[in-house]
Amino acid sequence: MALAVTMILSTVLLLVPALLVQPESSGWSPILLSVRNAIDQKAPQRFRGSVPYRGSLLGAMWRIQQAHSNFRYETIDDINYGPYLVSVNGVAGNDTAHTYWQLLTYPNMPLDRGVGCYIPEENEHIILNFTTWDNPEVH
């Protein structure tokens with residue numbers, strides 16, 4: 001009996017990652033994610049992803065990271081505000097240099113929530129924009 005339960009649990013655990021990374025299907029909405037560096041002006045990287053109904057931007061980013069080896073991000077958890085985006089593709093914000101990752105929706109509207117709370121709309125274009133907070137010409 002215990003062996004049968006162990007085998008069933010093992011099978012379920014193997015299937016869970018596949019379900020989390022599943023492509024757009026019933027109830028899933030496509031999004032476009034761009035990674036832009038307003039400081040060095042390199043061409044933005046673009047990634048297609050998806051979110052389930054009422055799913056967060058952070059979940060979409062996680063699925064994109066699982067599917068694309070050239071997209072990596074890092075967050076830290078703030079006890080009051082939730083996940084905070086600190087690094088994308090090895091580029092981190094820096095308090096001394098006054099740089100950070102700004103969250104925008106196309107064309108350049110700031111998001112009103114962070115990555116853990118923002119719920120993208122179907123076909124929304126989200127921009128992760130590396131910028132500085134004290135130089136308006138860079139924005």
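Bear in mind the structure is a predicted one, so any value in this text is a computation, not a measurement.
Side-chain contact check for Y84 versus T75: every heavy-atom pair is 4.5 Å or farther apart. Counting heavy atoms from C-beta on, the side chains of Q45 and L33 never come closer than 4.5 Å. Side-chain contact between N89 and N70 is absent, with no heavy atoms from C-beta onward closer than 4.5 Å. S34 places a side-chain heavy atom less than 4.5 Å from the side chain of H125. Between V88 and F71 the shortest side-chain heavy-atom distance falls below 4.5 Å. Two residues are said to be in side-chain contact when any heavy atoms from C-beta on lie closer than 4.5 Å; R36 and L128 fail this criterion.
The main-chain N or O of L32 is never found under 3.5 Å from a side-chain atom of R46 such that the two would form a donor-acceptor pair. The closest donor-acceptor contact from the side chain of T99 to the backbone of T131 lies at 3.5 Å or more, if one exists at all. A donor-acceptor pair is defined here as one N or O able to donate and one able to accept, closer than 3.5 Å; such a pair exists between the side chain of Q65 and the backbone of Y73. Listed for the W62 side chain is no donor-acceptor partner under 3.5 Å among the backbone atoms of L57. The backbone N or O of Q102 sits nowhere less than 3.5 Å from a side-chain atom of N129 that would complete a donor-acceptor pair.
The CD atom of E124 sits 13.0 Å away from the OH atom of Y106 when rounded to the nearest 0.5 Å. Between Y118 atom OH and L103 atom CG the span is 10.0 Å, to the nearest 0.5 Å. Taking OG of S29 as the reference point, atom CG of N123 lies at 7.5 Å (rounded to 0.5 Å). In this structure, the separation between OG on S56 and CD1 on I119 is 7.5 Å, given to the nearest 0.5 Å. Separating the CH2 atom in W101 from the CG atom in L85 is a distance of 7.5 Å, to the nearest 0.5 Å. T105 contributes atom OG1, which lies 6.0 Å from atom CG of L111 (distance to the nearest 0.5 angstrom).
The minimum heavy-atom distance linking I31 with E121 is given by the pair CG2-O, 3.8 Å. Shown here for P120 and G55, the closest heavy-atom pair between the two residues is CD-O, 3.5 Å.
Counted by atom type alone, Y53 and E122 present zero donor-acceptor pairs between their side chains at under 3.5 Å.
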